[in-house]
Amino acid sequence: MSLTVGVPKGALYDEAAARLRAAGIDAPEDPGRRLTCTTADGTRLLFLRPTDVPAYVEFGAADCGIVGADVLWESERNVSELADLGFGACRLVVAARRVDRYHEGAPFPTFLRVASKFTKSAEAYFAERDIPVQIVKLHGSVELSPLVGLADLIVDLVATGNTLREHDLVVVDEIARSTARFVVNPVRFRSAYGAIVDLLGRLDPGAAS
Ligand code: PRP
């Protein structure tokens with residue numbers, strides 16, 4: 001049975017495609033502007049924005065997919081996480097301007113504004129600590145916001161740390177660690193059990209041993 005797999009474009013793409021190729025599925029080096037392709041073994045790949053992978057899987061447009069845990073934390077979608085694929089490691093952190101010295105324990109202002117793409121995670125973090133905040137949802141280039149007075153703090157992903165360093169921002173606290181996950185549509189997992197387990201075993205040989 002041929003599967004349809006949601007593949008994230010962006011930071012996870014190269015490693016996800018390499019894993020697929022190692023699993024015998026000839027994913028392209030670069031999907032370019034292609035939206036989908038069918039590989040020689042009949043597997044259909046959907047090239048998706050990372051945040052859209054859970055929706056494609058929940059509604060069965062894809063049987064399964066590869067997606068960062070950070071996307072799953074923010075997603076309300078009903079998908080089953082079958083495995084941690086281990087690559088694409090990054091950290092979700094609270095960060096601020098170095099000059100504000102929050103990383104050295106300087107008190108937060110009374111009215112704290114936090115900018116993030118990860119509003120659910122950010123809200124949970126500050127609520128757990130009983131710190132009242134105003135959360136501002138952004139969709140990218142979050143590191144700009146504390147530099148121009150939009151926010152006191154940001155909640156964002158850090159991989160190499162280069163973006164923070166280049167903007168003289170520092171980590172105030174780590175919220176969570178993320179890696180790429182293999183997710184499935186729960187109904188498809190039953191109806192295509194053999195094909196999905198076989199694919200997972202090839203994508204993540206460690207999981208099968
Ligand atoms: C992510 C994240 C940081 C950056 C961190 O952004 O939001 O901005 O990568 O990576 P680094 O620690 O290796 O510098 P992304 O590239 O997804 O783009 P965006 O700013 O448009 O969200």
Side-chain angles (χ1 to χ4, degrees), residues 6-20 27-35 45-57 62 65-77 79 81 84-104 112-126 133-183:
V7 184
K9 294 194 289 188
L12 291 184
Y13 182 79
D14 288 348
E15 184 72 21
R19 287 287 183 107
L20 287 164
E29 295 276 346
D30 177 3
R33 298 195 60 80
R34 262 185 293 179
L35 301 177
L45 302 179
L46 309 182
F47 305 117
L48 306 174
R49 276 184 74 120
T51 49
D52 290 340
V53 171
Y56 279 80
V57 173
I66 296 170
V67 64
D70 54 288
V71 171
L72 296 174
W73 298 330
E74 292 293 309
S75 172
E76 308 280 341
R77 296 294 171 201
V79 298
E81 184 183 319
D84 181 345
L85 297 174
F87 65 86
C90 56
R91 303 184 295 148
L92 186 69
V93 304
V94 181
R97 297 190 311 170
R98 181 184 303 279
V99 293
D100 290 327
R101 307 183 84 85
Y102 301 136
H103 63 299
E104 293 172 344
L112 190 59
R113 206 182 300 141
V114 179
S116 188
K117 289 182 280 188
F118 299 88
T119 51
K120 210 169 135 188
S121 302
E123 266 162 23
Y125 175 88
F126 290 101
V133 288
Q134 179 180 25
I135 306 273
V136 181
K137 168 90 179 179
L138 295 179
H139 297 88
S141 304
V142 176
E143 293 85 353
L144 177 64
S145 61
L147 306 180
V148 296
L150 173 60
D152 305 293
L153 298 172
I154 60 172
V155 169
D156 201 12
L157 291 178
V158 176
T160 61
N162 288 340
T163 313
L164 290 188
R165 270 192 297 277
E166 280 165 19
H167 297 91
D168 210 18
L169 300 168
V170 289
V171 172
V172 175
D173 198 5
E174 177 177 306
I175 299 178
R177 286 171 180 257
S178 174
T179 46
R181 307 298 160 95
F182 182 74
V183 295

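Just so you know, ligand 1 is whichever comes first in the structure, and atom 1 is the first atom listed for that ligand. If you're wondering where the values come from, they're calculated on a predicted model, not measured in any experiment.
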Is the backbone N or O of Val53 less than 3.5 Å from a side-chain atom of Arg77, with the two atoms forming a donor-acceptor pair by type?
no

Criterion side chain to side chain contact (heavy atoms under 4.5 Å, CB included) against Arg98, the qualifying member of Leu164, Asp168, Leu169:
Asp168

Are Glu76 and Lys120 close enough for a salt bridge, meaning some N to O gap below 4.0 Å?
yes

With sequence neighbours excluded, tell me which residues meet salt bridge (charged side-chain N to carboxylate O under 4.0 Å, His left out) with [X].
{"X": "Arg91", "value": "Glu174"}
{"X": "Arg101", "value": "Glu104"}
{"X": "Asp84", "value": "Arg181"}

Give the protein residues with at least one non-hydrogen atom closer than 4.0 Å to an atom of ligand 1, ordered by chain and number.
Lys117, Gly140, Ser141, Glu143, Asp156, Leu157, Val158, Ala159, Thr160, Gly161, Asn162, Thr163

